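The next block holds one structure in the form of structure tokens; read it before the comments.
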Amino acid sequence: MRLAILSHSARIYSQMARREGFDVLAVDAFADAETRQAAQACFIWPGFDNPGAAHGMADLLAQLDMFAPEAVVFGSGFEANTKAYQALCERYPVYANAAEVVMQVKDPFVLQQTCERSGVASPMVTRQKPVSGTWLYKQIGACGGGHVQIDDFAATGPSAAFDQTYWQVFQAGQAVGLLFIAQSNACQLIGVHALKQRPGGFTYAGASRLHDEKIWAAAQQVLNALLPKLNLVGLNSLDAIWVEDTLHVLEINPRLSASMRLYSQRPLIQAHLASCQQAQGPALSRLTGYASHCIAYAQQAITVGSLDWPEWVEDRPTTHEIAAGQPVCSLYAEAETACGVRAALQDQKTQLEKLWGTYVCKHIEFNIH
């Protein structure tokens with residue numbers, strides 16, 4: 001089957017699809033070395049970083065028409081571009097949530113009200129600038145966490161909400177994610193994981209599998225309460241804060257998730273397509289053992305064109321330079337214990353320091369925490 005994968009980063013989905021027997025067109029913002037190896041064709045689309053790019057949509061449609069996909073799936077990058085999402089749904093065999101479902105789920109006010117009606121904890125949201133407390137200033141439909149700002153009412157904070165922005169009460173606790181498959185208002189929980197964020201901010205920096213039974217039970221309870229009201233299909237993820245044995249729902253991502261890297265041993269692409277067709281998919285047992293993936297970011301502009309890249313480094317760039325704040329690569333490790341995973345990641349970092357030198361590595365934030 002010819003499968004087109006559209007995502008800000010399509011690497012993990014392309015690799016999974018290739019292993020599951022699909023012919024892949026990967027459309028993303030990077031076309032890194034591994035994506036090129038996994039996909040039959042790659043296309044770098046500027047619309048992920050600039051939705052208003054001239055001729056961007058026409059170029060994307062031309063690439064898709066040439067590939068003639070039998071199925072199209074989405075990762076991140078389209079939640080805020082509903083016009084493009086709708087156009088793709090009308091033109092191609094899209095296996096994803098309907099455009100109106102995406103708009104509803106990504107509306108923070110609709111989601112918060114749905115949580116309230118369902119007896120699920122969720123931080124308050126507002127369009128009016130709060131006058132006390134600690135709040136997060138967010139953009140509707142944005143992804144990756146880089147858009148999130150703390151607003152503690154200092155002079156530098158935002159003074160008003162725009163059409164696609166809002167405030168959400170800051171909820172302290174452990175950031176976690178749930179990966180699940182939805183079908184007929186029911187779900188299968190694939191995994192629960194701790195979410196990593198860049199120091200001093202909220203940008204996504206990786207995830208680690210969790211096996212705490214209390215969190216798993218709470219996750220299943222939240223999904224059972226919410227999904228009958230949301231009309232989701234296929235693979236989706238939910239971000240929450242875990243504190244005092246309660247999950248506080250922050251948002252739902254109605255699409256493929258980067259956290260799938262932690263569960264890539266399972267045929268999740270096949271499961272997603274089956275769910276979108278309301279068909280029975282492959283059996284998906286709960287994974288044991290621990291795993292973590294970490295996204296390394298450049299703290300300042302660095303030159304990487306002459307670096308040697310071990311095969312175990314993921315998301316290896318094809319560009320010569322990496323701008324400050326941009327991802328450099330990713331690391332991944334599995335072990336029988338959480339301590340074993342951290343030790344394996346630290347060993348990978350040590351090997352890169354020996355290979356690249358401390359001058360380069362001191363300007364890279366590896367996010368092994």
Side-chain angles (χ1 to χ4, degrees), residues 1-103 143 181-183 232-236 253-258 260-261 264 266-282 315 318:
M1 175 184 263
R2 293 188 304 279
L3 176 68
I5 301 173
L6 282 61
S7 180
H8 192 260
S9 174
R11 190 267 305 175
I12 183 56
Y13 315 131
S14 300
Q15 290 178 323
M16 294 175 69
R18 175 74 175 270
R19 289 196 298 268
E20 294 180 39
F22 295 94
D23 295 327
V24 175
L25 166 65
V27 178
D28 76 357
F30 304 103
D32 62 39
E34 294 146 286
T35 305
R36 294 174 186 268
Q37 291 171 1
Q40 277 64 40
C42 288
F43 175 60
I44 297 178
W45 187 48
F48 288 113
D49 294 316
N50 181 11
H55 310 299
M57 195 63 187
D59 291 343
L60 174 59
L61 296 178
Q63 290 291 326
L64 288 167
D65 287 346
M66 187 183 308
F67 185 71
E70 297 168 89
V72 176
V73 297
F74 296 100
S76 64
F78 282 90
E79 296 96 323
N81 195 344
T82 54
K83 184 177 180 180
Y85 190 95
Q86 182 66 52
L88 292 166
C89 289
E90 292 173 354
R91 188 179 180 109
Y92 302 105
V94 167
Y95 288 69
N97 288 294
E100 58 270 21
V101 172
V102 173
M103 291 178 64
C143 58
I181 292 181
Q183 184 174 333
L232 293 168
V233 297
L235 278 162
N236 303 268
N253 299 306
R255 53 165 171 80
L256 304 185
S257 166
M260 288 166 60
R261 177 63 183 97
S264 58
R266 298 293 183 257
L268 294 181
I269 302 298
Q270 293 179 30
H272 173 76
L273 297 182
S275 172
C276 291
Q277 299 175 87
Q278 300 297 318
Q280 183 174 355
D315 297 312
T318 55

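All residue numbers in this chain count up from 1 along the given sequence. Small disclaimer: the values here were computed from a predicted structure and weren't measured.
Of the inter-residue distances, the one linking L235 atom CG with I181 atom CD1 reads 4.5 Å to the nearest 0.5 angstrom. Here the OG-CD distance, from S14 to E34, works out to 10.5 Å after rounding to the nearest 0.5 Å. Rounded to the nearest 0.5 Å, atoms NE2 (H272) and OG (S275) are 7.5 Å apart. Atom CZ of R261 is separated from atom CZ of R11 by 6.0 Å, given to the nearest 0.5 angstrom.
When side chains are defined from C-beta on, I269 does not count as touching V73, because their heavy atoms never get closer than 4.5 Å. Taking 4.5 Å as the limit, some side-chain heavy atom of R18 sits within range of a side-chain heavy atom of Q40. Inter-residue side-chain proximity for M1 and L273 is flagged as met; some heavy-atom pair is nearer than 4.5 Å. Using a 4.5 Å heavy-atom threshold, the side chains of Y92 and D65 count as touching. The closest side-chain heavy-atom distance from V24 to I5 is below 4.5 Å. At least one side-chain heavy atom of D59 sits less than 4.5 Å from a side-chain heavy atom of F43. Using a 4.5 Å cut-off on side-chain heavy atoms (C-beta onward), I12 and S264 make contact. Counting heavy atoms from C-beta outward, L6 and L25 have side chains that stay 4.5 Å or more apart.
Crowding of Q278 atom CD: a count of heavy atoms from other residues, nucleotides or ligands under 6.0 Å exceeding 12.
S7 places a side-chain N or O within 3.5 Å of a backbone atom of S76 that can act as its donor or acceptor partner. Not a single donor-acceptor pair under 3.5 Å links the side chain of Q270 to the backbone N or O of G281. Proximity of a side-chain donor or acceptor of R2 to a complementary backbone N or O of F67 within less than 3.5 Å is detected. Y13 places a side-chain N or O within 3.5 Å of a backbone atom of A258 that can act as its donor or acceptor partner.
Between F78 and F48, the angle of the ring planes goes over 60°, which puts this pair in the perpendicular group of the 30/60° scheme.
The salt bridge (charged side-chain N to carboxylate O under 4.0 Å, His left out) test applied to E79 returns R255, not counting sequence neighbours. Partners of Q183 according to the side chain to side chain donor-acceptor pair (under 3.5 Å) rule, which considers only residues two or more places apart in sequence or in another chain, do not exist here.
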V27/Q63 under side chain to side chain contact (heavy atoms under 4.5 Å, CB included): CA gap, chis, key distance, verdict
CA-CA 9 Å; V27 178; Q63 290 291 326; 5.7 Å; no
Begin from the C-alpha positions of L88 and L61 and carry the test side chain to side chain contact (heavy atoms under 4.5 Å, CB included) through to its verdict.
CA-CA 8 Å; L88 292 166; L61 296 178; 3.9 Å; yes
From CA spacing to verdict: side chain to side chain contact (heavy atoms under 4.5 Å, CB included), F74, V94
CA-CA 9 Å; F74 296 100; V94 167; 3.5 Å; yes
Assess whether side chain to side chain contact (heavy atoms under 4.5 Å, CB included) is satisfied between H8 and W45, documenting all intermediate values.
CA-CA 9 Å; H8 192 260; W45 187 48; over 6 Å; no
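Pairing each heavy atom of G77 with each of C143, the nearest pair is N-SG, 4.1 Å. Nearest heavy atoms, T35 versus A10: OG1-C, 4.4 Å. The two atoms that bring N97 and L232 nearest to each other are OD1-CA, 3.2 Å, heavy atoms only. Here the shortest heavy-atom pairing between Y85 and A96 reads OH-CB, 3.4 Å. For G234 against C276, the heavy-atom pair with the smallest separation is CA-SG, 4.1 Å. Closest approach of M16 to R266, counting heavy atoms only: CE-O, 3.9 Å.
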